[in-house]
Novice: 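Here's a structure for you.
Just so you know, ligand 1 is whichever comes first in the structure, and atom 1 is the first atom listed for that ligand. All residue numbers in this chain count up from 1 along the given sequence. The structure displayed is predicted, hence computed values, not measured ones.
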Amino acid sequence: MLTADSHVHSEWSWDTGGPHSEASGTMAATCEQAQRIGLPALVFTEHFDFEETWRAGTEEFPVAASRHINEAGYLVPPPLDVEGYFAAIAGCRRLFPDLTILSGVEFGQPHLVEDRARQLVDLTRFDRINGSLHTLPVGPDRAEPVTLYRWWDPDDVMSAYLDEVPAMLASTTFEVFTHLDYAVRHWPLEQAGPFDPRRFEEQFRAALRAIAESGRALEMNTRRLSSWLPQWWTEEGGRAVSFGSDAHVPTALASGFPEAQHMLEHFGFRRGRRPEHLWTR
Ligand SMILES: [Zn+2]
Ligand SMILES: [Zn+2]
C-alpha cells in the first residue's frame with residue numbers, strides 16, 4: 001500500500017502559476033489523481049517564503065515563477081494566500097471524503113524569517129510544516145544552488161549547502177527536513193561530471209547527524225532517491241522519515257513511491273498506524 005505523499009504543491013504555490021492561472025484546479029485534480037492511483041493520504045505543502053534578497057535569473061525558473069522577478073533581478077515570492085488555501089482544502093475534503101487531506105507548508109529558510117512568519121500567519125493551523133533550504137548566502141543576498149553553480153566552483157556550492165544545515169536547525173517551527181540533496185538537483189554534469197556523494201560524505205553525515213540529534217524527520221524526496229541517503233541517515237541515528245514527491249503537477253503524485261518504500265523497509269523503517277504518519281525505526 002502506498003504511504004502518504006507528504007510534499008505536494010497545488011495552484012496555491014507561487015511557482016505553479018497561482019489560483020487564477022491555467023494551474024487553477026490543480027488541488028482538486030491532484031486529489032482525483034490520488035483516488036485513481038490508490039494513494040490514501042496527501043499533504044498540500046505550499047511554498048511559504050519570506051525572502052527579500054533572493055537573486056535570480058529568469059532562465060532558471062518556470063514561466064510561472066519568473067513573473068515574480070523584479071527589475072533589479074530579485075525574486076520576490078508573493079505571500080501564500082492562507083485563507084484561499086484553507087478554503088480550497090475544505091472544498092477538497094468535501095469532494096473527496098475517503099481521502100485524507102492534510103494542510104501544510106514548505107517553509108523556506110525558516111531560521112531566517114520565522115519571527116516575521118509567526119507575526120503574519122498562525123502556524124498552528126497547519127498539520128505539517130516542512131523546512132526547506134533553497135537559498136544560500138552570497139554577500140548580502142541569497143541565491144539558489146542552480147544560480148550559484150554559474151558563479152562558484154561546484155564543490156563550493158555543495159559544501160556551502162551542507163554547512164548551512166545546522167544553522168537552519170535553530171528554527172523551532174518545522175518538523176521535517178526536506179530534500180537534503182537539493183543542491184544535487186542542478187549539479188553541473190557537463191562541467192563537473194557525475195555527482196559522487198562519497199566526495200561529500202563527511203559533510204552529508206554531519207548534516208544528517210545534526211538533523212537526527214534535533215529529533216526531526218528526514219524527507220525521502222522521490223524526485224531522486226539514492227540508497228546512500230537513507231543508509232547514512234540510518235547510520236547517523238535518524239529515527240523517522242516522511243515521503244514526498246514534490247509534485248507540482250497531478251501526474252507527479254507519489255512518483256517513485258513503491259521503490260522508495262521498499263528501500264526504507266530495507267533500512268529497518270516501518271510505516272505508522274495511519275498512512276499520513278511518519279515511518280520510524
Ligand atoms: Zn523545495
Ligand atoms: Zn516543494
Novice: Report yes if the distance between the aromatic ring centroids of F269 and W279 is under 6.0 Å, otherwise no.
Specialist: no
Novice: Short check: any N/O/S atom of H179 below 2.8 Å from the Zn ion (ligand 2)?
Specialist: no
Novice: If the cut-off is 2.8 Å, does any N/O/S atom of H7 fall short of it from the Zn ion (ligand 1)?
Specialist: no
Novice: Of all the N, O or S atoms in D246, which has the shortest distance to the Zn ion (ligand 2)?
Specialist: OD1
Novice: Aromatic contact between F126 and F86, with the criterion being ring centroids under 6.0 Å apart: yes or no?
Specialist: yes
Novice: Is a side-chain donor-acceptor pair under 3.5 Å present for Q261 with T3?
Specialist: no
Novice: Taking the ring of F44 and the ring of Y85, is the distance between their centroids below 6.0 Å?
Specialist: no
Novice: Using a 4.5 Å cut-off on heavy atoms from C-beta on, say whether the side chain of T26 contacts that of V249.
Specialist: no
Novice: Looking at the Zn ion (ligand 1), is there an N, O or S atom belonging to E106 that lies under 2.8 Å away from it?
Specialist: yes
Novice: Would you check if the Zn ion (ligand 2) lies under 2.8 Å from any N, O or S atom of H9?
Specialist: yes
